[in-house]
Amino acid sequence: MSSSNGDITVKYPGGKSEKVSPGITVAELAAQISPNFLNQLIAAKVDGKPVDLAYKLARDVDVEFLKPDSEDGHEILLHSTAHLMAQAVKRLYPNTQVTIGPAIENGFYYDFDRDEPFTDDDLAAIEAEMQKIVEENIPVQRQEIPRNDAIELFRSMGENYKVEIISEIDEKETISAYRQGEFIDLCRGPHLPATGKAGAFKLLSVAGAYWRGDERNKMLSRIYGTAFPTKKELKKYLNMLEEAKRRDHRKLGKELDLFSFHDEAPANAFFHPKGTTVYNLIMDTVAQSNLRYGYQEVNTPLIMNVSLWHQSGHYDNYRENMYFTKVDDKDFAVKPMNCPGHLLIFKSTPRSYRDLPVRMSEFGRVHRHERSGVTHGLFRVRTFVQDDAHIFCTEDDIQKEVGLVLDQIFEIYRTFGFDNVHVELSTRPEKSIGSAEVWEKSEAALEAVLKDKAIEYKLNPGDGAFYGPKIDFHILDSLGRSWQCGTAQLDFSMPEQLGISYTGEDGQDHTPVMIHRAVVGSLERFMGILIEHYAASFPLWLAPIQVKLLPIADRHFDYTDQIASRLLKAGFRVEVNRKNEKIGQKVRQAELEKVPVMLIVGDKEIENQQVSVRRHKQGDAGAMSLDELLEQLLNEIREKAH
RNA sequence: GCCACCCUAGCUCAGCUGGUAGAGCAAUGCUUUCGUAAAGCAUAGGUCGUCGGUUCGAGUCCGACGGGUGGCUCCA
């Protein structure tokens with residue numbers, strides 16, 4: 001589509017355009033602006049498609065130049081660094097087969113097939129070899145190869161995985177490979193123009209991974225790494241990883257005596273007194289809120305006859321994750337979810353439309369047998385308590401009820417210091433039950449709620465549960481990590497399955513809609529998230545020990561005890577440090593324990609009938625009377641200040 | 001479940017190529033009674049995850065089991 005004089009038109013994102021001769025490469029185009037500009041580029045997008053700098057323009061196109069600090073550019077940088085690593089691996093370990101090596105969020109990986117899997121100790125050598133290849137500054141060249149030639153090429157190199165991949169590529173697609181020196185890899189591209197363009201990189205870990213993620217396939221050896229345009233950015237990322245490690249709830253949980261794990265009950269948390277305090281505070285916060293939002297709390301058995309689980313469908317769909325037991329020769333199951341129990345309660349009495357909506361909540365302990373390799377601290381355990389609830393209502397109530405659920409969820413997240421929440425709406429999956437009409441209606445209802453409340457959300461088409469669409473809530477913690485916690489799911493299936501009904505205005509029986517909802521989800525997991533979010537420096541209202549009293553010398557014990565007992569009576573969680581230590585050491589201990597308020601008591605305080613206040617991480621806050629302090633602290637707690 | 005790595009005192013960790021355990025912190029005792037992130041001295045504490053094997057001899061080598069850590073969707 002070139003113009004009459006043979007030139008083609010190139011349009012840039014800013015709206016500017018120019019005419020150039022066909023056949024010009026992206027690099028040449030950039031060089032016209034300035035050689036220095038070209039030097040900053042690593043690739044480009046032509047008509048929205050990422051291409052190499054060597055890409056030749058043949059017709060009128062939109063061109064966007066890519067630097068490595070853009071999102072698309074960074075992805076290319078990561079991908080090229082993966083190739084760089086593969087080249088280094090092939091140099092060091094020639095009888096290794098390469099498989100795939102994509103860019104991922106925050107990094108890249110490459111899977112290798114090798115008799116001897118890689119260990120952490122190999123990483124340094126591979127990194128050094130990568131650095132050498134960067135210094136060699138080898139040009140990276142794209143080659144388009146006819147299908148059969150490509151198969152022949154990779155077969156002759158003994159790269160059987162590549163051959164397998166090629167044979168699965170769509171007939172219509174062009175097959176391309178990228179060569180850098182002696183290394184050639186099947187790849188769609190684009191890539192950096194030369195290895196010298198690689199930024200700062202680091203190899204992070206090795207892991208096993210199945211070929212194509214399928215556990216029936218061979219286990220390959222995967223190396224993870226990351227790369228950034230500059231050393232500074234790499235360092236920033238590595239610091240963030242260090243910070244995450246420092247905040248790891250498993251580490252802090254042990255250090256601060258919150259909980260422990262034992263071989264006698266793998267992947268099940270034992271909460272110590274301090275951990276139990278935080279755990280109960282989370283539960284109380286939700287329970288209080290539930291009351292305000294019109295929920296009625298219930299309590300259902302842990303173990304129920306297996307027939308119930310046949311009825312609910314859990315036996316067929318969830319059996320692998322359930323615990324079973326035999327009592328009096330009858331088969332029972334330990335509940336993995338609370339819904340069937342709630343349905344039994346609903347069913348236990350005749351219900352009228354006047355009773356709806358029924359909002360039934362339970363802090364229900366569930367047991368799920370997670371596979372041994374997937375458990376992780378408090379984040380993934382085999383028994384946990386859900387702040388579960390089920391709302392039974394009519395189809396017309398859906399919008400209003402879901403609206404209330406949303407309000408409550410946002411309110412509670414704010415209380416815990418999470419202001420940044422992502423919302424996702426998932427719609428009908430391919431495998432689903434229920435009529436198209438009901439699905440449309442309920443999806444529309446959920447969407448209407450979100451629009452009505454002007455909540456931004458991401459749509460996940462086809463990601464809903466088989467029984468209904470859902471809204472998921474992800475909170476962002478202080479390190480910017482995202483955690484899925486709350487959920488609101490519509491369910492048209494289970495009420496019918498268990499035969500629950502209410503009498504309508506028309507005197508007929510109707511099946512109510514059920515909304516499953518959880519705010520914090522798993523209390524265990526939420527506590528883990530909270531620990532990492534606050535780095536265990538909990539706000540006053542959540543801290544397991546709120547006030548630590550630090551007498552200067554033994555003769556101050558009596559006055560200290562008086563203060564302590566007054567604080568206890570006012571409802572505070574208090575400890576006194578009676579060790580034979582200097583005040584500096586007592587302060588240090590209290591700081592390490594992350595106690596929000598330290599009270600130093602000595603001769604001066606006794607004489608003035610005061611306490612000297614020190615706040616965690618802030619330092620000396622001066623002396624004041626106990627009454628003054630109490631007012632301050634009680635106020636802070638009432639507001640649940642962060 | 002699968003792959004790699006790890007398991008030594010309450011905690012964090014030393015212990016080289018096998019010769020039968022060590023530090024710091026914590027704990028306890030004594031001295032000290034001290035003003036906002038570590039006082040001094042002393043004492044006690046481990047069948048080196050469990051079981052089996054190799055060896056004259058195993059924390060150390062081999063195997064099984066238990067527990068843990070990082071991974072196992074992100075498709076050349």
Side-chain angles (χ1 to χ4, degrees), chain A residues 79 82-83 86 98-111 116-122 145 150 154 159 161-170 173-178 184-189 204-224 245 248 250-251 254-255 257 260-267 320 369-377 550-557 579-593 598-605 612-623:
Chain A
H79 193 182
H83 274 223
V98 295
T99 69
I100 59 165
I104 54 174
E105 205 186 334
N106 295 326
F108 62 85
Y109 67 79
Y110 212 116
D111 286 347
E116 196 72 1
F118 292 108
T119 68
D120 290 330
D121 301 332
D122 299 324
I145 313 176
F154 285 102
E159 298 287 4
Y161 292 90
K162 296 292 182 186
V163 174
E164 184 182 330
I165 293 163
I166 297 168
S167 57
E168 285 172 21
I169 294 177
D170 196 283
E173 258 192 83
T174 317
I175 290 172
S176 59
Y178 279 76
I184 183 159
D185 196 1
L186 180 72
C187 188
R188 184 184 297 144
L204 297 171
S205 60
V206 295
Y210 299 102
W211 169 235
R212 311 213 134 153
D214 188 331
E215 54 191 88
R216 286 165 304 196
N217 289 339
K218 185 166 184 194
M219 174 70 72
L220 305 171
S221 184
R222 172 175 296 183
I223 302 178
Y224 281 96
K245 217 183 254 177
D248 191 314
R250 293 165 302 184
K251 181 171 171 279
K254 193 190 272 183
E255 277 173 16
D257 198 20
S260 57
F261 286 90
H262 301 274
D263 291 0
E264 287 78 356
E320 298 299 307
H369 185 265
E370 303 286 355
R371 306 207 288 172
S372 64
V374 306
T375 58
H376 179 102
L550 313 177
I552 300 268
D554 294 6
R555 66 175 178 282
H556 308 124
F557 280 0
K579 281 182 201 155
N580 181 2
E581 290 290 354
K582 301 213 280 198
I583 194 65
Q585 166 71 332
K586 291 185 183 180
V587 166
R588 177 180 153 78
Q589 282 312 321
E591 286 286 352
L592 290 175
E593 286 165 28
M598 288 152 270
L599 298 182
I600 291 144
V601 178
D603 294 333
K604 272 193 310 204
E605 287 73 19
S612 283
V613 183
R614 181 189 165 102
R615 297 297 303 244
H616 175 53
K617 281 180 166 168
Q618 292 166 26
D620 200 335

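Both backbone and side-chain heavy atoms feed into the values below; hydrogens, waters and symmetry mates do not. Lettering of chains follows the sequences in order, A, B, ..., and the numbering in each one begins at 1.
Between A/Ile104 and A/Ala265, it is A/Ala265 whose nearest contact on RNA chain B lies nearer the 5' terminus. Of the two residues contacting RNA chain B, namely A/Cys187 and A/Tyr210, the nearest-nucleotide position lying further toward the 5' end is that of A/Tyr210.
Between A/Met598 and A/Val613 there is no side-chain heavy-atom pair separated by less than 4.5 Å. Between A/Val587 and A/Ile600 the shortest side-chain heavy-atom distance falls below 4.5 Å. In this structure, A/Arg188 and A/Glu173 have side chains that are in contact, with non-hydrogen atoms separated by less than 4.5 Å. A/Ile165 is not listed as a side-chain neighbour of A/Phe154, based on a closest heavy-atom distance of 4.5 Å or more. With contacts defined as side-chain heavy-atom distances shorter than 4.5 Å, the pair A/Tyr224/A/Val206 does not qualify. Side-chain contact between A/Phe108 and A/His83 is absent, with no heavy-atom pair separated by less than 4.5 Å. Between A/Val98 and A/Tyr110 there is a side-chain heavy-atom pair separated by less than 4.5 Å. The shortest distance between side-chain heavy atoms of A/Val601 and A/Leu550 does not fall below 4.5 Å.
Contact annotation for A/Ile100: backbone-only contact, meaning every heavy-atom pair under 4.0 Å involves sugar-phosphate atoms and none involves a base. Within the nucleic acid shown, A/Ala103 comes within 4.0 Å of sugar-phosphate atoms alone, with no base atom in reach, counting heavy atoms only. Residue-level contact check: A/Phe261 touches neither bases nor backbone, having no heavy atom under 4.0 Å from any strand. Note on A/Gly584: only backbone sugar-phosphate atoms sit closer than 4.0 angstrom, heavy atoms only; bases stay farther off. When heavy atoms are screened at a 4.0 angstrom cut-off, A/Ala267 is found touching the sugar-phosphate backbone but no base atom. Within the nucleic acid shown, A/Glu173 comes within 4.0 Å of at least one base atom, counting heavy atoms only. At the heavy-atom level, A/Asp620 lies under 4.0 Å from base atoms of the strands shown. Residue contacts for A/Ser612: at a heavy-atom cut-off of 4.0 Å it reaches a base atom on one of the strands shown. Nucleic acid contact for A/His262: none, since no nucleic acid atom lies under 4.0 Å from a heavy atom of the residue. Residue A/Arg188 is in base contact, counting any heavy-atom pair closer than 4.0 Å across all strands shown. Residue A/Leu204 is classed as having no contact, given no heavy-atom separation below 4.0 Å to the nucleic acid.
Between B/U60 and B/U20, the two P atoms lie 14 Å apart (nearest whole Å). Comparing the P positions of B/C16 and B/G59 gives an interatomic distance of 13 Å, to the nearest angstrom. As rounded to the nearest Å, B/U50 and B/U8 have C1' atoms that lie 15 Å from one another. Nucleotides B/A39 and B/A26 are separated by 9 Å at their P atoms, to the nearest Å. Using atom C1' as the reference point in both B/G22 and B/A14, the two lie 7 Å apart (nearest Å). B/A44 and B/G1 have their C1' atoms separated by 45 Å, given to the nearest Å. The separation of B/C6 from B/C25, taken at their C1' atoms, amounts to 23 Å, rounded to a whole angstrom. Annotation: B/A23 and B/G35 have their C1' atoms spaced 33 Å apart (nearest Å).
For B/G71, the OP1/OP2 oxygens have no side-chain nitrogen or oxygen of A/Ser205 closer than 4.0 Å. Within the structure, a side-chain polar atom (N or O) of A/His376 is placed less than 4.0 Å from OP1 or OP2 of B/G70. A close approach under 4.0 Å does not occur between any side-chain nitrogen or oxygen of A/Arg222 and OP1 or OP2 of B/C3. Residue A/Tyr224 places at least one side-chain N or O closer than 4.0 Å to OP1 or OP2 of B/C72. For the OP1/OP2 pair of B/U36 and a distance below 4.0 Å, the side-chain nitrogens and oxygens of A/Arg615 include no atom meeting the criterion. Dashed line: the shortest gap from a side-chain N or O of A/Lys254 to OP1 or OP2 of B/U12 is under 4.0 Å.
In summary, the side chains of A/Glu605 and A/Ser612 do present a donor paired with an acceptor at a separation below 3.5 Å, with no hydrogens or angles considered. No donor-acceptor contact under 3.5 angstrom links the side chains of A/Glu320 and A/His369, judged on distance only.
Interatomic distance, A/Thr99 OG1 to A/Asp111 CG, rounded to the nearest 0.5 Å: 4.5 Å. Separation of atoms OH (A/Tyr109) and CZ (A/Arg222) is listed at 4.0 Å; rounding is to 0.5 Å.
Atom NZ of A/Lys582 is separated from atom C1' of B/A37 by 13 Å (rounded to the nearest Å). Between the NZ atom of A/Lys586 and the P atom of B/A39 there is a distance of 11 Å, given to the nearest Å. Between the CH2 atom of A/Trp211 and the C1' atom of B/G71 there is a distance of 18 Å, given to the nearest Å. Put simply, CG on A/Asp554 is 14 Å from P on B/G35, counting in whole angstrom units. In this structure, CD of A/Glu264 is placed 14 Å from C1' of B/G68, rounded to the nearest angstrom. Regarding A/Glu591, its CD atom lies at a distance of 11 Å from the P atom of B/A38, rounded to whole Å. Across the protein-nucleic acid pair, A/Asp111 atom CG and B/C72 atom C1' stand 9 Å apart, rounded to whole Å. Here the P atom of nucleotide B/U36 and the CG atom of A/Leu550 are 12 Å apart, to the nearest Å.
Residue A/Val206 has its side chain nearest to B/A4 when only B/C34, B/A4, B/A37 are considered. Checking B/A4, B/G1, B/A37 against every side-chain atom of A/Ser372, the shortest atom distance belongs to B/G1. Nearest nucleotide to the side chain of A/Arg614, out of B/C72, B/U69, B/A37: B/A37. Nearest to the side-chain atoms of A/Arg555 among the listed nucleotides B/G71, B/G70, B/C34 stands B/C34. Of all nucleotides listed (B/G67, B/C72, B/C74), B/C72 comes nearest to the side chain of A/Ala209. The nucleotide whose nearest atom lies closest to any side-chain atom of A/Pro102 is, among B/C75, B/G1, B/U36, B/C75. For A/Arg250, the side-chain atoms get nearest to B/U69 when compared with the rest of B/C2, B/G35, B/U69.
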Set out, in order, the CA-CA distance, both residues' side-chain angles and the distance that settles salt bridge (Lys or Arg N to Asp or Glu O under 4.0 Å) for A/Arg212 and A/Glu164, then state yes or no. CA-CA 12 Å; A/Arg212 311 213 134 153; A/Glu164 184 182 330; 3.6 Å; yes

request  = For salt bridge (Lys or Arg N to Asp or Glu O under 4.0 Å), just list the numbers for A/Asp620 and A/Arg615, CA-CA rounded to whole Å, side-chain angles, deciding distance to a tenth of an Å, and then say yes or no.
outcome  = CA-CA 7 Å; A/Asp620 200 335; A/Arg615 297 297 303 244; over 6 Å; no

Are there any protein N/O atoms within less than 3.5 Å of an N/O atom in nucleotides 25-29 of chain B, and if so, which ones and at what distance?
{"residue": "B/A27", "atom": "OP1", "partner": "A/Lys579", "partner atom": "NZ", "Å": "3.1"}

Given Watson-Crick and G-U pairs under 3.5 Å, RNA chain B in dot-bracket ([ ] crossing, | other strand) is (((((((..((((.....[..)))).(((((.......))))).....(((((..]....))))))))))))....

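Put simply, the side chain of A/Glu605 and the base of B/G35 share a donor and an acceptor less than 3.5 Å apart.
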